[in-house]
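A short worksheet on the structure shown next.
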Amino acid sequence: MRKLLIAGNWKMHMLNHEAVGLARQLKVKLLGAHRVDVLVCPPFTALTAVAEILSDSDLHLGAQNLHDMRCGAYTGEVSGEMIRSAGGSWVLIGHSERRQLFGDSDAWTNRKLHAALEAGLRPVLCVGETLAERQAGRLDAVLARQLEAGLAGLSPAAAGTLTLAYEPVWAIGTGVVATPAQAQEAHAVVRRIVGGLLGSEVAASRQILYGGSVKPDNARQLLEQPDIDGALVGGASLKADEFSAIVLAGEGVVK
Ligand code: PEP
């Protein structure tokens, strides 16, 4: 059985005092939520402050990106070890905004995945197609390319802390959510491809999160799908009420 994971990607939002306030509210609102794992990913600048707030809670903390090198002359970049030392234990990798806006290629995404594992971070590898790719019937091919390249060099044994996120680019921040059937179909494709790459045991045990305009009113139908093991939430993770409602929707889903 795979436990659900609800993750919040705060993107480039939240000054430190706002991040601390949101973390405090979530800690209180989610006190009784034990059936679902919860992860929040603030900006780097707020990691330490949020880590302190969450230190006596079950909520997990992660970053939104990392550099693949451990240290060096890489002005403006942050390594996995730095994330660890700031209190983070998870990291998002290959988010479509990184791929589209900051040039994160499949190959670089793969190097980041290995760097995350070497630093002892739990990676959440994000994949997903654009609208044009979907309309051209290339969903499976795009997911296969991203997963084959993204997971290159990973052994089944090293995949024990891997989480995947299927995030159709056309649904991120647009308010257009994939239908539960569309999301389930894509998740089944992701699981099949991961099975081909890392074996059926790994594929069956890894959580695959859905991301793309998840809100309190659509979360439950998505989370009820057999291959959807949680959500990666952007906009709605910035409001304690909305994010908690999504977590509680997950609590109500028995798999
Ligand atoms: C995301 O940033 O990963 C995301 C899914 O954003 P939103 O929920 O706002 O679509």
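All ligand and atom numbering here is 1-based and tracks the order in the structure.
- Annotation: His95 places an N or O atom under 3.5 Å from an N or O atom of ligand 1; distance criterion only.
- Each of the atoms 10 (O) of ligand 1 lies under 4.0 Å from some heavy atom of Ala171.
- Looking at ligand 1, you won't find any N or O of Thr174 less than 3.5 Å from one of its N or O atoms.
- The backbone N or O of Ala152 lies less than 3.5 Å from a partner atom in the side chain of His114, making a donor-acceptor pair.
- Numbered from 1 in the order shown, with element, the atoms of ligand 1 that lie under 4.0 Å from a heavy atom of Gly212 read 5 (C), 10 (O).
- Taken together through direct or relayed side-chain contacts under 4.5 Å among Ile, Leu, Val, Met, Phe, Trp and Tyr, Val177 and Val253 form part of one hydrophobic cluster.
- Close contacts between ligand 1 and Gly173 involve ligand atoms 7 (P), 9 (O), 10 (O) [criterion: under 4.0 Å to a heavy atom].
- Within the 4.0 Å heavy-atom cutoff, Lys215 does not count among the residues contacting ligand 1.
- Here the heavy atom of the protein found nearest to atom 9 (O) of ligand 1 is Gly235 N, 2.8 Å.
- Distance OH/Tyr166 to CD1/Ile228: 9.5 Å, rounded to 0.5 Å.
- Residue contact check: Glu167 has heavy atoms under 4.0 Å from atoms 1 (C), 3 (O), 4 (C), 5 (C) of ligand 1.
- Between the choices Gly175, Gly234, Ala7, the shortest heavy-atom distance to atom 7 (P) of ligand 1 belongs to Gly234.
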Would you sort out whether Gln182 and Tyr210 count as a side-chain hydrogen bond (donor to acceptor under 3.5 Å, both in side chains), showing the intermediate values? CA-CA 11 Å; Gln182 283 173 322; Tyr210 168 79; over 6 Å; no

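- Contact record, Ala188 with Asp227: CB-OD2, 3.9 Å, taken as the closest heavy-atom pair.
- Contacts of Asn9 with ligand 1, taken as heavy-atom pairs under 4.0 Å, involve the side chain alone.
- Those atoms of ligand 1 that come under 4.0 Å of a heavy atom in Ser213, given as number and element, are 7 (P), 8 (O), 10 (O).
- Atoms of ligand 1 lying under 4.0 Å from any heavy atom of Leu232, numbered from 1 in the order shown and given with element: 3 (O), 5 (C).
- Salt-bridge formation is not detected for the pair Asp58/Lys27: no Lys NZ or Arg NE/NH1/NH2 atom is positioned less than 4.0 Å from an Asp or Glu carboxylate oxygen.
- The aromatic rings of His67 and Trp108 sit perpendicular to each other, their planes meeting at more than 60°, with 30° as the lower class boundary.
- Side-chain N/O atoms of Glu52 and Ser55 include no donor and acceptor closer than 3.5 Å.
- For ligand 1, none of its N or O atoms has an N or O atom of Glu97 under 3.5 Å away.
- The two residues Gly211 and Pro168 have their closest heavy-atom pair at O-CD, 3.3 Å.
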